[in-house]
Amino acid sequence: MNATDPLLDVFEEHRATLGGVAYRMLGRFADAEDVVQEAWLRWSAADREDVHDPRGYLVRVTTRLALDRLRLAHTRRETYVGPWLPEPVATDFGTTVPDTAERAVLADTVSLALLVVLESLSPLERAVFVLREAFGFPYADIAEVLDRSEAAVRQLAGRARRHVAERRPRFDVDAARRRELTERFLAAATGGSVEDMLALLAPGVRLVGDSGGKAKAPLRVLESADKVARFLLGVAAKPLPDPELRVVEVNGGPALLVLSRGLPDSVVSVETTDGLITEIHVMRNPDKLTGVLP
């Protein structure tokens, strides 16, 4: 592709939006990249004489490609080994999103907690929710993207919002507080004290591990502070070769990145409520650790 190609220039102008739509719909960074690449191929080969709104056209193509892939993914996940979690991605917005309110919206709509809930929506509900809530598309535009009536899109949006509101747990959103708890969690895990770890965990804390059968992780969700604390301290007592621990920003919030010999081994993110850790996500599937390094 020629860097001065006006077709490429238009596509690159909207690439971030297309990637954001695809990732929020699919929950996998690699799949989202594949969809964006396919959208580029469609764009470069399309008859663009009647394309008066390139952004709308590209979002429509990307959404439909993501819908096709999402329907296939739902079938494949029925045979997935152990719990399934969305793929974590580094989200240090840097200076590209200076507005605090906009940063908060972006971080919220890409959070692991929300993406887990979105997994329970139908593909069409998820598409409507992403386009409306994350990117603010008008209902009329979403109707055109999905080839549905505006009334049908409004119904889908209402069902999706109610479903998300009912199933989404209440978590602390203060980034500084979450980072502090993440750092204290790291200190407790490496310090080896059950008491220090239990002091951070809510009584009903849940730990969800995703390995896809390709690494060691619990095949079932662990529940209760005692079980979770003893599991984590048992893992910490078996150090990896040449380990390195970093607190990084992943999916709009702080997370612990564990590296071994310079390569990502796992990502651990915590959700907090009233100053206690209520949910822990542990990603160990090596296929889902490609997007965690900034």
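Not measured: the values here are computed from a predicted model.
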Looking at residues at least two apart in the chain, or sitting in another chain, which of them share a salt bridge (charged side-chain N to carboxylate O under 4.0 Å, His left out) with [X]?
X	result
Asp68	Arg71
Asp34	Arg69
Glu13	none
Asp141	none

Taking side-chain hydrogen bond (donor to acceptor under 3.5 Å, both in side chains) as the cut-off, I'd like each qualifying pair that reaches into residues 188-206, sequence neighbours left out, listed once.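 Output for this query lists Ser193-Glu195, Arg206-Glu279.
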Strictly by side-chain hydrogen bond (donor to acceptor under 3.5 Å, both in side chains), give each pair with a member in residues 256-267 just once, sequence neighbours left out.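 Only Asp265-Arg284 qualify under side-chain hydrogen bond (donor to acceptor under 3.5 Å, both in side chains).
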With sequence neighbours left out, what residues match [X] under side chain to side chain donor-acceptor pair (under 3.5 Å)?
X	answer
Arg184	none
Glu271	none
His163	Ser120, Arg167

Just jot down the side-chain contact (heavy atoms from CB on, under 4.5 Å) partners of Arg42, sequence neighbours excluded, or say none.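 Residues passing side-chain contact (heavy atoms from CB on, under 4.5 Å) with Arg42: Glu38, Val61, Leu65.
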Is the side chain of Glu125 donor-acceptor paired with the backbone N or O of Ser122 at a distance under 3.5 Å, no angle test?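 The answer is yes, because a donor-acceptor pair under 3.5 Å joins these two groups.
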If you take all heavy atoms of Tyr139 and Arg161, which pair is closest and at what distance?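 In terms of heavy atoms, the two residues are closest at OH-NH1, 3.3 Å.
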Quiz: residues 214-226 side-chain donor-acceptor pairs under 3.5 angstrom, not counting sequence neighbours:
| from | atom 1 | to | atom 2 | distance (Å) |
| --- | --- | --- | --- | --- |
| Lys214 | NZ | Asp287 | OD2 | 2.2 |
| Ser224 | OG | Lys227 | N | 3.3 |
| Asp226 | OD1 | Arg230 | NE | 3.0 |

Using a strict 4.0 Å threshold on nitrogen-to-oxygen distance, state whether Arg177 and Glu180 make a salt bridge.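 Answer for the salt bridge query: no.
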Quiz question: by atom type and distance under 3.5 Å, do the side chains of Asp210 and Tyr80 form a donor-acceptor pair?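 The criterion, which ignores hydrogens and geometry beyond distance, is satisfied for Tyr80 and Asp210.
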How would you list all residue pairs meeting ring-ring contact (aromatic ring centres under 6.0 Å, His included) that involve residues 49-72, not counting sequence neighbours?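 For residues 49-72: Trp43-Tyr57.
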